[in-house]
Every structure is written in C-alpha cells, then in structure tokens.
Amino acid sequence: MSMKDLKFWQGVNQALYQEMERDESVVLFGEDVAGPGGPYGLTRNLHREFGPDRVRDTPISEATIVGMGIGAAAVGLRPVVELMFFDFCMLAMDQIVNQAAKYRYFTGRPLPLTIRTMSGSGGSYGAQHCQSFEAWFGAVPGLTVVMPSNARDAKGLLKSAIRSDDPTLVIETFGLLTARRQTPQDPDFLVRLGRAEIRRSGTDVTVVATGRMVDRALAAAEQAAVDGVSAEVMDLRTIAPLDRATVCESVVRTGRLVVAQEATSPFSVAAEVCALVSEECFDHLRAAPVRITACFSNVPTPPDLVEARAPSVADIYEAIAEISRT
Amino acid sequence: MSMKDLKFWQGVNQALYQEMERDESVVLFGEDVAGPGGPYGLTRNLHREFGPDRVRDTPISEATIVGMGIGAAAVGLRPVVELMFFDFCMLAMDQIVNQAAKYRYFTGRPLPLTIRTMSGSGGSYGAQHCQSFEAWFGAVPGLTVVMPSNARDAKGLLKSAIRSDDPTLVIETFGLLTARRQTPQDPDFLVRLGRAEIRRSGTDVTVVATGRMVDRALAAAEQAAVDGVSAEVMDLRTIAPLDRATVCESVVRTGRLVVAQEATSPFSVAAEVCALVSEECFDHLRAAPVRITACFSNVPTPPDLVEARAPSVADIYEAIAEISRT
Amino acid sequence: MAELATLYRGLRLCRRFEEVMAEQYRAGTVPGPLHLALGQETTAVGVCAALRRTDVITSTHRGHHHCLAKGADVDRMVAELLGRRTGYSKGRNGSMHLADPDVGLLGTNGIVGGGLPIATGAALGLRTQGRSDVAVCFFGEGATSTGNFGEALNVAALWRLPVVFVCEHNRFAELTPSSTHIAGDVYRRAEAYGFPGERVDGADVRGVLRAAEQAVARARAGEGPTLLEVMTYRWSGHYVGDAAAYRDKAEAAAFRDGDPVAALRAELAGLEADAIDAQVEDLLAGALERALAAPTADPEDLG
Amino acid sequence: MAELATLYRGLRLCRRFEEVMAEQYRAGTVPGPLHLALGQETTAVGVCAALRRTDVITSTHRGHHHCLAKGADVDRMVAELLGRRTGYSKGRNGSMHLADPDVGLLGTNGIVGGGLPIATGAALGLRTQGRSDVAVCFFGEGATSTGNFGEALNVAALWRLPVVFVCEHNRFAELTPSSTHIAGDVYRRAEAYGFPGERVDGADVRGVLRAAEQAVARARAGEGPTLLEVMTYRWSGHYVGDAAAYRDKAEAAAFRDGDPVAALRAELAGLEADAIDAQVEDLLAGALERALAAPTADPEDLG
Ligand SMILES: Cc1ncc(C[n+]2csc(CCOP(=O)(O)OP(=O)(O)O)c2C)c(N)n1
Ligand SMILES: Cc1ncc(C[n+]2csc(CCOP(=O)(O)OP(=O)(O)O)c2C)c(N)n1
Ligand SMILES: [Mg+2]
Ligand SMILES: [Mg+2]
C-alpha cells in the first residue's frame with residue numbers, strides 16, 4: 001500500500017480529512033481550528049473543504065466545547081473536539097469524566113466523541129501549557145486514551161478514535177509535531193486502539209516508552225546494542241485500556257523493565273506499568289523495574305531547562321546499561 | 001493529654017473551630033457551610049461562632065470557590081474552602097492545579113490555602129458523587145494531599161493543613177463520617193503532614209491502606225492473626241508527598257505488600273505504592289505485590305452493589321493469607 | 001394548545017409519581033436519594049407540552065417530572081428508583097441518572113449545570129443534521145452561578161442554536177435561598193447575550209406552555225435561543241428526609257395552598273378529573289407492583 | 001488626576017519595553033513566547049494610575065503593560081523575559097508567569113480567564129482584613145466566554161466586593177476576531193448581575209483613568225464591583241512572529257495612525273517629552289545590559 005513520509009501534524013490532518021470525507025456525521029470544533037486551521041496548522045484546509053457547518057471556531061469555553069461534543073454525539077453526530085493544550089482539559093474535567101465517560105453507563109448508548117488535545121514540553125510555553133497528566137484519564141472507567149508517538153500512529157489512532165463508538169481522548173505531543181514517519185495513505189488504514197507496538201525487539205530488557213520518549217528509547221537501544229545489550233523498545237500508544245498482554249509478554253521474556261516517559265514519576269503511567277509488571281511478572285523479573293521520567297518539578301520555559309528536566313537519550317541508555325548488569 | 005471519643009465529622013469540626021479561634025486570618029467558605037452548617041454537619045456552629053465575614057455560603061461556583069481561596073490567601077488570609085464532593089473538584093481543576101499548586105513556583109510566596117473535599121462511596125449517591133481519584137493530585141508538584149481514615153487524623157491533619165503555608169487538599173471520606181476514634185483535645189495537637197502511621201505492627205506482610213480501607217485492613221489482620229499470620233497495617237494518611245521511607249522500611253522487614261484502597265486499580269495510589277516498592281525493595285520482596293481495590297467500574301447507587309464493588313474485609317484477608325503462603 | 005385534560009393528566013402523574021416514590025423511600029425500598037419537584041410540576045409539563053418526541057431535553061438531579069413529561073416509561077422509572085433490574089439503568093443508578101434517548105431524554109444529572117453544554121451541543125447536532133427539532137435544557141436557579149451557564153448562553157447566542165434554557169426557579173439551592181446564589185435577575189442574563197429572556201409564573205401551566213411554545217417556535221425557525229425563568233417553589237426539602245427547617249413555614253404553606261395542580265383540576269369536570277386520577281393511580285400501582293416483584297440490581301451489571 | 005507627564009512616561013515605558021523585547025526576541029535572546037500589548041498601553045496605564053501600591057491586580061498572558069504600570073521592577077522583568085537568573089522567577093518562567101506581590105502584582109497568567117476568580121478572592125481578602133485596598137482584574141475580551149467570567153461577576157456582585165473587572169477589548173483572541181467569541185456587548189453583562197458596566201475608549205488614556213477612578217472609588221466605598229470594557233486594538237500579532245494575515249490591513253493601519261501614545265506626547269512640551277523618552281531609553285538600556293550580563297536560568301532552580 002502506498003506510503004508517504006509525513007510529519008506528525010500532517011498525519012493528524014490527513015486523519016481528519018479522510019474521516020470527514022468518509023462520514024459526513026464527523027464534525028470538528030475547537031478554538032482556532034476553522035479559519036486559522038489550528039494554532040499549529042493541524043486542522044489546515046478542513047474549514048475550506050468541509051465548510052462552516054462541519055468545522056467551527058469556538059469561543060474560549062473548554063467545558064462547553066466538550067459538553068457540546070457530548071450533546072452533538074448524543075443526537076447522531078460523530079464530533080471531534082479540540083482542547084488546544086492538555087492543561088486546558090482542566091477546565092473541562094467535569095464534562096470529560098463526569099459526563100462523557102459515563103454516558104454509555106447511564107444511557108446504554110454509544111457516544112462517538114473524540115477529544116483531541118496536546119501535551120508535553122517542547123514549545124517553551126512553561127508550566128501551564130506543557131503538563132503531562134495522561135495518567136489521570138487512564139483511571140477513569142469509560143474513557144479510551146491514546147498517545148501517539150509518530151505521524152503514522154497519530155493518523156491511524158485518530159482515525160480509529162473517530163470511528164470508535166465510545167469517548168476517546170487523543171493526546172498529541174507538542175514536541176513531536178514536526179517529527180516524520182512513513183505513513184500509509186490508504187483511507188482504511190487504522191491503528192487499533194488498545195495495542196502497544198514493539199518498535200524494536202530485544203532479549204535483555206524491555207523499554208516501555210510513551211510519546212516523545214519513544215524515539216529517545218530507540219536511540220538509547222541502539223547505543224546499548226553497541227555494548228552488546230539487546231533492548232526491546234515498546235511504544236505503549238494506548239494509555240487506557242493498557243495493553244497488559246503485550247507488556248507482560250515482553251517482560252516475561254526479558255526479565256527487565258525500564259519505563260520512559262515525559263511525565264513526572266509519581267502516580268504516572270510509568271507507575272502503573274511498574275505496578276502491573278511487579279504483580280504479573282514477579283517470578284520472571286531479574287531486576288527492579290526502573291522509571292525514567294521528568295524530574296518532579298513544574299515545566300520551565302527556557303528550552304535548555306526543559307531539556308534538563310526531561311529524560312534524555314543518555315538517561316535511558318544508562319538505565320538500560322545499569323539494569324542489564326544485574 | 002485529654003482525649004475524647006469523636007466521630008470523624010466531629011474531628012473535622014473541632015479542627016476548624018480550634019484553628020479559627022487560634023488565628024483570625026482563618027476563614028471558611030463553600031456551599032452550604034455557613035447557615036446550614038454543612039450538608040453533613042461538618043461545619044456546624046462555625047458561622048454562629050465566627051460570624052458572616054469569616055464563614056460564608058457561596059453560590060455553586062467551584063472554580064471560583066477555589067480561585068477566591070487563592071486570591072484571599074495571596075493577600076494575607078488563611079482560607080479553608082470546601083468542595084462538597086470530590087467529583088466537584090473536576091469543576092475546579094484549573095484553579096487547583098494550574099493556579100494554586102504553582103503559586104509559590106511563580107511568585108516565590110507561600111499560599112496558605114486548604115481545600116477540603118469528600119470522596120468515596122458510602123452515601124449511595126452514585127457515579128457522580130462517590131469517585132476516588134486522589135491519585136490525580138498526587139501527580140501535581142506543589143500540592144500536598146492528605147486522606148484521613150479516622151476522627152483523630154481528620155482533626156490533626158486538617159489542623160496541620162490549615163497551619164501549612166502551601167496549598168493542601170484534604171480528602172475526607174464519606175463512608176467514615178460517623179466512625180469514632182479517641183481524639184486529643186489539646187488545641188496544639190497536630191498530625192504531621194507526610195507521615196504514614198503503622199496502625200498495627202506485624203512481621204509477615206505489610207498492608208498499606210487508605211481511607212475507608214484502613215479499618216477493614218485492621219479487621220482482616222486480626223483474622224489473619226488467628227491463622228498465625230502477622231500482618232502489619234499502615235495507614236498512608238498523606239497521599240502526596242508519599243511517606244516512602246515508612247512504606248519501604250516496613251516492606252523490607254516483611255517482604256510482602258498488599259495495598260488496599262477504595263479507588264479502582266489502574267493509575268491509582270495503589271499503583272504508585274506497588275511501583276515504589278518494586279523499585280526500592282526489590283531484593284527484599286518475597287512475593288508479588290497485590291492491589292486490593294474496587295473493581296474497575298462506575299460507582300453504583302444501591303448499597304449492596306456499592307459494597308460488592310468495594311474491597312471487603314474478606315478480600316483483604318484472603319490477599320493476606322494468599323501472599324503469606326508464598 | 002394542548003387540552004386541559006392532557007395538561008392535568010401530566011401534572012397529576014408527576015405529582016402522584018413523586019408522592020408514591022416518597023412513600024416508598026420512607027418504607028425503605030428506595031436505595032438512593034430522591035429530590036422531589038412537588039409544586040414544580042407545571043414547568044416540566046408546560047414546557048414539554050410544547051415539544052415533540054424527537055426534541056431532546058437535559059434534566060437535573062430533580063428531574064422526575066421532566067422525565068415523565070417528556071414521555072419516559074413509568075414502569076422503568078419506578079423500577080430504576082427502586083433499584084430493580086427492570087429499571088432504565090438496570091437499577092444501578094437511580095434517580096440522578098435516568099435517561100431514555102428514545103424519547104429525547106438525554107438524562108437527569110448529578111452535576112449542577114452539567115446539562116447546559118450538553119443541551120447546547122444537542123441543539124448544534126440537531127441543526128447540523130438539518131432537523132427542525134430543538135433542545136431544551138432544564139436547570140435550577142442555583143445552576144445560573146455555574147461557569148457552564150455563561151459559557152452555554154454565549155455559544156448558543158453566537159451560533160443562534162435551537163435551544164431553550166429553562167431555569168426552574170424554586171427559591172432554594174440545597175439548604176440556602178436563591179438570594180445566596182443569584183445577583184440580579186436570572187431572566188435578564190439573556191439580554192446581555194442578545195437574546196430574549198422571560199420570567200414566567202409557574203403557578204399557571206398554560207402560561208408556561210405559551211411561553212414555551214413561543215420559545216420553541218423561535219428555535220425551530222432558526223431564530224436562536226430563549227431563556228425562560230419559571231418562578232416556582234420547592235414544596236419539600238432538598239431531598240426526601242430533609243425537614244427544611246431553614247425555610248419560612250408560612251411562605252411554604254402559602255405556596256402549598258396555591259397548588260397549581262389542584263387549581264387546574266378545579267377547572268375540569270369532576271368526573272373527568274376523577275377518571276384521570278384513577279387512571280394515574282392504576283398506572284403507578286401497576287408500575288410499583290411490577291417493580292417490587294422484579295429482581296434487584298445485580299453486581300453482574302456493574303459497568 | 002495624575003499629571004500628563006506621569007501618564008506619558010507610563011505609556012512610553014510600556015511601548016518601548018515591548019518594542020525592545022520584541023527586538024530581543026527576533027535576536028533570539030528570549031527563550032519563551034511574547035504576547036505584546038502594543039497599542040493597548042492606555043488600559044494598563046490609565047487604570048493603574050487610579051491605584052495605589054497596596055491595591056492588587058491580576059494580569060494575563062499579555063501583561064507586560066499591566067506589570068509595568070503597577071510598578072514592577074524593569075530590571076527583573078527584562079531579566080525574566082530573557083531567561084536570566086536575576087529575573088522575577090529566576091528566569092524559569094518568562095512572560096506568562098511574572099509576579100511581584102510586593103507591588104500588588106499577583107501575576108500574569110497562561111490560562112485565559114484564570115485571574116478572574118483570583119482577583120475576586122483578593123478583593124474578598126482585602127475587605128475581610130478591613131483594608132480599603134481594591135483588586136483589579138485585567139482580562140481580554142476572549143476571557144468573557146470562559147466559565148470563570150460569569151462565576152466571578154456573580155459572586156463579586158452578591159458580596160459587593162471591591163473589585164474592578166477590566167476587559168481589554170483588543171478585537172482579537174489569538175487568531176480569530178471578537179465576533180467569534182462574544183454575543184452581545186461585554187459591558188452590558190454587568191447590568192445582568194446588577195452592577196455598573198461601562199464601555200471606555202482606549203484611545204484616550206484620561207478617559208480610561210477617569211472611568212477607573214470612579215470604579216475604584218465605588219469599590220473603596222464598599223459599593224461593589226464595576227466592569228469596564230476598554231475598546232482598544234491589538235497592533236501586533238497574537239505573539240511575536242505571528243504575521244496576523246487574518247486581519248484587515250487597513251483597519252490595523254488606521255489604529256496605528258491613531259496611536260494613543262503619540263497623541264499624548266503631542267500634548268507635552270517637546271523638551272519635556274524628549275527628556276522622558278531619554279529617561280525611558282536609559283532605563284531600558286541599562287536593564288537590558290544588566291540582564292544580558294546575568295547568568296541564564298539554572299536547572300538548579302527547577303521547582
Ligand atoms: C457542580 C455541583 N456542585 C454542587 C452540587 C451539590 N448540589 C446538589 S443540588 C444543589 C443545589 C442545586 O440548586 P438548584 O440548581 O436551584 O436546583 P434545585 O435543587 O433547586 O432543583 C447542589 C449545590 C452538585 N450536585 N454539583
Ligand atoms: C483556558 C485557555 N484556553 C485557551 C488558551 C489559548 N489562548 C491563549 S491566548 C488566547 C486568546 C485570548 O484572547 P483575549 O482574552 O481576547 O486576550 P488577548 O490575547 O486578546 O490579550 C487563547 C485562546 C488559554 N491560554 N487558556
Ligand atoms: Mg433551586
Ligand atoms: Mg483580545
């Protein structure tokens with residue numbers, strides 16, 4: 001099938017274009033998504049292509065953006081709503097968690113709602129624009145949460161989210177918007193929700209990574225290979241429901257776990273993965289699991305501080321080397 | 001020092017009374033906290049004692065309740081604000097996480113703000129009134145989060161929170177409001193923030209519990225004792241910052257960990273405790289850590305369903321018995 | 001305009017449904033809390049008489065009357081409140097989470113103001129699909145102090161959405177009077193967003209219906225939202241079991257004396273009224289009997 | 001009323017501060033984003049001229065002018081924007097998180113509408129402590145569509161709090177015009193809550209000051225909040241680097257021609273104006289030189 005080298009943002013844009021073309025019940029709204037084509041261009045051309053009824057600029061009303069998505073989905077549309085930054089989800093938590101996530105439980109009906117947002121550092125926007133609390137939503141029954149790490153998955157997961165009959169939160173990563181990956185052009189290309197991907201196979205240690213840390217984990221694994229250490233690198237891709245089987249199968253083989261994420265450590269996705277593995281793979285573990293995360297502080301603004309705070313390739317490499325010695 | 005047998009709600013009420021009497025900069029506001037004395041009586045008599053300037057009924061504006069607490073604290077008061085149910089925190093997440101938690105980071109100044117809320121089942125109020133996502137706040141730099149399991153700690157932790165110069169979230173538990181414990185009356189009695197309490201010492205297994213599960217863990221431990229299993233029961237009390245030292249010291253001794261909580265399992269406090277122990281106590285662990293939690297579903301309304309969903313004494317007892325066999 | 005008899009039957013059903021459920025609550029057969037709308041029936045019945053089945057509504061924690069007026073099934077409502085497997089949500093959720101999308105009931109709601117953006121979005125969805133249906137958002141006056149209120153009114157006005165905001169002003173929000181919650185007049189908030197707001201007397205079901213018909217007509221015609229503030233009074237406490245000591249007994253008594261349901265009944269021929277009453281009693285008695293005979297909610301159904 | 005020279009100096013400082021920082025941004029020495037208020041200086045200067053040091057303000061992502069007008073230290077501001085350790089927040093946070101409680105600046109804010117409840121609470125705190133100080137909340141017209149707006153206005157009105165809500169209506173919210181965001185007129189929203197709202201011409205700094213003095217006097221006198229909608233125009237893009245292709249060039253040019261800072265300058269004796277300009281240049285040049293010489297933010301300071 002035909003492939004194209006796409007940037008992450010282009011993958012998102014293609015997914016929206018293809019799904020809107022495929023199904024006229026798909027509508028898109030959020031702040032600056034229509035006329036401007038999105039503050040970072042992710043929704044470029046959609047307003048022109050699909051018109052003002054299907055692509056709308058909203059006022060700055062995050063709770064109502066999500067709530068309107070719920071109402072519109074409840075009466076037959078398949079809305080994709082955008083919350084510009086993850087940090088702004090905090091203004092819509094009630095609609096996401098108390099309303100959208102529980103709609104099927106309360107009504108017995110589907111709620112085909114996709115909520116797109118963007119998290120993580122990389123934009124030098126500081127402590128109120130770069131937070132990574134994806135774990136919050138993983139704790140909520142009724143929500144599917146995905147976090148693509150590249151253009152291909154950004155496209156395939158978003159398309160699956162839009163076609164899903166349940167509310168799905170798609171967390172894009174600011175620091176990856178211009179990262180490239182070969183991406184299938186087939187309009188029916190999908191990436192299945194709930195499946196982690198082994199990006200590199202290995203036998204000595206499993207490195208589970210999310211978002212921006214996936215490429216860094218791959219680079220670290222290459223370095224480790226030079227030392228003769230064989231690291232398996234897994235991109236979690238879906239945060240909830242977690243792909244427990246793929247994670248455990250890998251760790252049972254390697255006996256060692258490193259989790260790398262851009263979020264801070266306490267009460268995070270890395271915590272859940274370590275807990276899962278310690279419960280399910282205990283007898284196979286040869287060493288203590290390790291979390292490689294941002295240090296527990298607020299996200300600063302200057303890029304060098306942002307980088308100093310986030311895990312580097314070297315941090316992951318050292319964790320791989322260290323754990324492989326035991 | 002003189003003790004009194006108090007109900008949980010009375011402990012909260014005494015703490016508020018004593019701190020308001022001690023420091024006139026302490027003010028209280030929230031929905032129905034003044035005239036009515038709180039929907040469940042926790043703020044009874046405070047309005048009469050301290051007057052309308054210090055104890056106020058607010059409109060139903062959760063974000064603004066917290067935001068006003070921030071502003072009032074910033075200009076010299078020591079506010080205690082109430083969000084009636086944990087579920088309603090979701091309307092104030094921006095003010096709690098983006099604003100209050102970061103105030104010191106942005107300004108270099110203290111923010112003596114206490115946010116009280118109530119979580120957990122026990123009231124038969126269903127899926128939008130009984131949620132337990134305390135782990136969310138544990139992930140936020142700048143927030144202290146406590147979760148008392150009894151009258152004594154409810155009093156001592158709230159008093160410490162009010163005297164603290166940083167924002168503290170006090171999560172009370174609905175199912176415990178009428179539970180009793182001997183409580184010191186000394187106006188300077190405090191329970192230190194950040195310290196777990198070993199409620200029962202034991203040598204074979206460490207049971208870390210929170211909120212409503214603490215008494216159940218104690219009961220389960222007594223049953224286990226009959227079988228000759230010695231279980232240590234620890235009340236976490238403070239969720240963030242987690243008392244890592246006390247948890248690890250205990251698990252190093254016992255070699256076994258069971259975590260019991262009313263929250264569901266994924267991405268929860270229990271996940272963090274299991275992750276912590278698997279990282280820090282790996283060489284001492286004799287068995288896989290176990291999470292005893294509510295099943296991953298929404299909170300129902302009928303009491304029997306609520307109980308069927310939540311961990312029982314039997315569930316904890318079986319986990320203790322099971323893990324002690326390995 | 002709907003007939004007198006139809007309106008009376010609607011009011012009578014809401015009234016008796018809640019009285020019967022309150023008895024059941026006191027008898028210990030209702031597992032969850034009950035928030036009654038006794039005395040407020042005209043809001044639901046008057047407004048819903050202006051709607052058709054395909055129109056949608058969002059309701060609140062105090063929403064039995066909205067559900068009934070929109071055509072929800074009495075058997076399934078009674079069963080849900082009694083925690084029976086034959087209820088709308090298999091008896092798992094009770095009064096605060098009743099929904100029946102088939103009759104346009106998107107749900108009661110445990111979150112004050114939670115329905116405001118949802119109804120607004122439903123209106124958007126209906127319009128986008130070229131339907132002439134409208135959305136009605138019921139909420140209490142306490143909800144006007146939530147952030148959702150201003151957000152929803154603004155978007156509905158900007159996009160001229162077919163939504164009618166119905167504020168059921170029953171003078172109390174939980175344990176405090178409206179004066180604790182509302183600055184200015186609720187109905188005047190609409191003007192500020194450039195659409196009509198009207199205060200309506202809840203004692204007169206036909207007045208409510210007339211106002212609703214106008215608002216619904218505007219919405220169907222693409223002229224945008226309307227805010228109706230229906231002045232009513234919460235006869236009972238916040239929930240069954242709340243003695244409501246905080247309120248003025250004389251005031252409460254006065255409102256009970258001006259019972260809008262009795263007033264309408266008086267306009268009907270005695271026989272017709274008796275027949276309607278009897279029919280409603282049968283309906284409720286049957287529903288109650290079937291519900292009590294049904295199995296209680298099953299942990300199997302946790303979801 | 002503050003003297004002409006003082007007002008001009010304030011305007012000139014805001015103007016030049018941002019022009020200088022924009023140059024620095026283009027030169028690559030500013031690590032974070034910059035949102036400029038060029039053309040909007042009168043709002044900050046006019047309003048803050050009605051305040052005293054012990055009054056407090058909350059600001060926004062576009063808040064350099066508010067900070068300067070409230071008396072923040074130019075050296076520490078420049079250093080913060082350049083990411084230097086001598087900055088207000090050790091250079092860690094930059095433009096969107098500037099604060100100086102000592103001069104009553106509770107902070108700029110990255111969250112639109114985030115300051116509304118905070119300023120309202122500050123007003124409550126000031127009043128509760130028996131201080132006659134007031135709180136001023138600056139926000140853009142885009143913030144009027146946030147839930148916080150309605151919540152804050154309602155509580156401020158209910159409690160007659162000493163707060164002045166200053167909406168800086170600069171015609172744009174990020175990349176879209178106000179028409180995308182506002183139904184009706186912003187200033188009229190106040191009426192609905194029972195307190196005065198006034199639209200003020202941002203081209204006239206003295207008009208802004210007069211309106212602010214009245215509002216502040218009401219607040220100090222315990223008469224409650226006021227909403228001021230200052231009509232202005234965002235000369236530059238949303239951030240430095242945004243070409244603002246989405247807006248009407250002629251309109252933008254017209255507003256630049258009606259530059260309120262130049263207009264005020266014209267009223268001053270040439271020599272006096274020159275002296276003020278020179279003084280401002282020295283101040284900024286010195287601040288810039290010291291900042292560029294200072295160490296950059298240190299990972300040590302992460303917090
Ligand atoms: C967001 C939120 N805050 C608080 C509550 C608790 N609560 C339940 S009902 C109620 C009062 C609602 O008053 P009103 O809107 O007038 O409705 P009424 O009860 O009078 O029908 C409150 C505060 C809630 N359910 N949701
Ligand atoms: C809650 C929230 N939503 C969205 C944004 C992104 N954003 C930053 S500035 C802005 C526009 C604000 O417009 P306005 O309030 O008019 O202020 P101005 O930029 O014109 O000064 C938006 C949407 C944000 N920072 N916070
Ligand atoms: Mg009410
Ligand atoms: Mg603007």
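Chain letters run A, B, ... following the sequence lines, proteins first and then strands; every chain starts at 1. These numbers come from a predicted model, not from an experiment.
Put simply, the side chain of Asp94(B) does not reach to within 4.5 Å of the side chain of Phe88(A), judged on heavy atoms. Residues Ser297(B) and Pro141(A) are not in side-chain contact: their nearest non-hydrogen atoms beyond the backbone lie 4.5 Å or more apart. Between Gln128(A) and Gln99(B) the shortest side-chain heavy-atom distance falls below 4.5 Å. Proximity of Pro300(A) to Tyr105(B): side-chain heavy atoms (C-beta onward) are separated by under 4.5 Å at one or more points. Side-chain contact between Val140(B) and Phe267(A) is absent, with no heavy-atom pair separated by less than 4.5 Å.
A side-chain donor-acceptor contact under 3.5 Å links Asn98(A) and Gln131(B).
If you tally non-hydrogen atom pairs under 4.5 Å between each of Cys274(A), Cys281(A), Ala287(A), Ala63(A) and chain B, the highest count goes to Ala287(A). Note on Leu91(B), Asn298(B), Asp87(B): by heavy-atom pairs under 4.5 Å with chain A, the leading option is Asn298(B). Contacts with chain B were tallied for Val277(A), Ile96(A), Val269(A); Val269(A) has the most, counting heavy-atom pairs under 4.5 Å. In terms of heavy-atom pairs under 4.5 angstrom with chain B, the leader among Ala139(A), Ala92(A), Ala240(A) is Ala139(A).
Only the backbone of Ser268(A) comes within contact range of chain B, with heavy atoms under 4.5 Å apart. At a 4.5 Å heavy-atom cutoff, Leu257(B) makes no contact with chain A through either its backbone or its side chain. Using a 4.5 Å cut-off between heavy atoms, Arg244(A) makes no contact with chain B at all. Only the side chain of Phe106(A) comes within contact range of chain B, judged by heavy atoms closer than 4.5 Å.
Distance CG/Leu285(A) to OG/Ser278(B): 8.0 Å, rounded to 0.5 Å. Atom CZ of residue Phe133(B) and atom CE of residue Met93(A) lie 8.5 Å apart, to the nearest 0.5 angstrom.
For a heavy-atom cut-off of 4.5 Å, chain B lies close to no residue in residues 316-326 of chain A.
For the salt bridge (charged side-chain N to carboxylate O under 4.0 Å, His left out) test, residues two or more places apart in sequence or in another chain that qualify with Glu307(B) are Arg212(B), Arg216(B).
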